[in-house]
Structures are given as structure tokens and as C-alpha cells.
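In what follows, a structure is listed as C-alpha cells, so that the remarks can point back to it.
All heavy atoms count here, side chains included; hydrogens, waters and symmetry mates do not.
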Amino acid sequence: MPRPADPGNERRQEATKKSRSKADRAGRPEASFADAAISGAVYLLAQAAEAGQADKRITDLLAEMAAAILATHPAKHFDIAESRRKVAARLTFREDQDHKRFVTAARKVKRKVPSS
């Protein structure tokens with residue numbers, strides 16, 4: 001649900017509107033669309049793994065599925081190359097504070113060892 005517009009922030013709102021318009025013309029998806037496509041691709045990959053059809057190139061497969069999902073979005077007309085770029089950017093970890101916090105937190109998570 002969109003946030004209510006802040007009347008004192010008109011300049012930034014206009015810049016965002018222009019940026020989104022430019023991205024639409026280029027067929028470049030926004031991050032939220034890429035994230036939804038990645039989620040869908042993860043689900044499809046999990047289904048393939050359950051069926052014993054998992055591939056060793058999981059990351060490549062995941063990225064390609066997410067880009068294909070983006071490119072076939074029913075309400076948007078995203079370019080496949082732009083979709084691949086956005087998905088690659090979203091799957092790439094950045095060296096920033098959030099990433100460092102994520103890595104630190106992940107190390108503390110107790111994982112169950114799968115039984116064979």
C-alpha cells in the first residue's frame with residue numbers, strides 16, 4: 001500500500017516519477033518486481049529439487065528463471081536483458097552494513113543437519 005504523499009517532498013517525488021518513467025520506457029524493472037520474480041524462481045527451483053531435477057548451476061538457473069518471470073510480467077513489458085541485469089544486481093551481495101549484519105546473524109542460526 002503506497003504511503004501518503006508528503007507535501008514538502010515534491011521535488012523528490014517528481015524525480016522519482018521521472019526515474020520510473022525513464023525505466024518504463026527502457027523496459028527496466030524496479031527492484032520490487034525483480035524481488036517478486038526471484039521469489040517465484042526460488043519456488044520453481046524448490047519444486048525441481050523435490051522432483052530430483054536440480055541442476056548444479058543453481059544460481060544461473062535461478063537468475064534465468066527470475067529474469068524470464070520478469071520479462072513475461074502481464075502488466076509490464078520488461079526487456080529480457082534489462083531483467084537479467086536487475087536480477088543479477090539483486091542477487092549480488094554488497095559489502096555494506098546490512099550485509100555484514102546479515103552474515104553475522106546467519107552464523108548464529110542453528111541449522112538442522114539433514115538426515116540421509
Side-chain angles (χ1 to χ4, degrees):
M1 185 164 136
R3 295 179 297 202
D6 178 5
N9 199 16
E10 293 167 354
R11 196 172 88 228
R12 286 189 182 161
Q13 291 169 0
E14 189 59 35
T16 298
K17 194 182 293 185
K18 285 181 183 178
S19 173
R20 286 183 175 156
S21 176
K22 183 177 177 181
D24 281 345
R25 287 192 306 274
R28 186 178 317 114
E30 290 183 41
S32 61
F33 288 104
D35 292 344
I38 290 168
S39 295
V42 167
Y43 172 77
L44 293 173
L45 186 60
Q47 296 290 67
E50 281 183 21
Q53 300 170 347
D55 188 34
K56 66 179 182 174
R57 301 175 309 137
I58 290 176
T59 304
D60 293 341
L61 183 62
L62 176 69
E64 190 58 32
M65 286 190 299
I69 290 169
L70 267 175
T72 58
H73 191 284
K76 299 280 190 171
H77 302 287
F78 296 132
D79 179 71
I80 187 67
E82 290 290 343
S83 296
R84 285 183 181 122
R85 278 190 210 89
K86 181 59 78 172
V87 167
R90 298 300 287 179
L91 288 173
T92 304
F93 285 116
R94 298 169 297 175
E95 288 299 322
D96 58 14
Q97 293 302 93
D98 288 336
H99 175 64
K100 289 175 185 171
R101 279 197 333 245
F102 171 77
V103 169
T104 301
R107 287 184 183 138
K108 295 178 183 177
V109 174
K110 292 182 182 178
R111 295 173 181 85
K112 291 183 180 179
V113 177
S115 57
S116 323

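Asp79 pairs by the salt bridge (charged side-chain N to carboxylate O under 4.0 Å, His left out) definition with nothing, not counting sequence neighbours. When the side chain to side chain contact (heavy atoms under 4.5 Å, CB included) test is applied to Ala71, the partners found at least two apart in sequence or on another chain are Ile80, Ser83. Checked against side chain to side chain donor-acceptor pair (under 3.5 Å), Ser32 has no partners two or more places apart in sequence or in another chain.
Applying the ring pair (Phe, Tyr, Trp, His ring centres under 6.0 Å) test to every pair with at least one member in residues 6-25, sequence neighbours left out, gives no pairs at all. Annotation: salt bridge (Lys or Arg N to Asp or Glu O under 4.0 Å) contacts involving residues 30-43, sequence neighbours excluded, comprise Arg20-Glu30, Asp35-Arg90.
Interatomic distance, Phe33 CZ to Lys86 NZ, rounded to the nearest 0.5 Å: 11.5 Å.
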Item to complete: Begin from the C-alpha positions of Arg84 and Leu70 and carry the test side-chain contact (heavy atoms from CB on, under 4.5 Å) through to its verdict.
Response: CA-CA 9 Å; Arg84 285 183 181 122; Leu70 267 175; over 6 Å; no
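Partner of Glu82 under the salt bridge (Lys or Arg N to Asp or Glu O under 4.0 Å) criterion, chosen from Lys76, Arg28, Arg25, Lys22: Arg28.
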Output a table of donor-acceptor pairs, distance under 3.5 Å, between side-chain atoms of residues 6-18 and any protein atom two or more places apart or on a different chain; print 'none' if there are none.
residue: Asp6; atom: OD1; partner: Gly8; partner atom: N; Å: 3.1
residue: Gln13; atom: NE2; partner: Asp6; partner atom: O; Å: 3.1
residue: Thr16; atom: OG1; partner: Arg12; partner atom: O; Å: 3.0

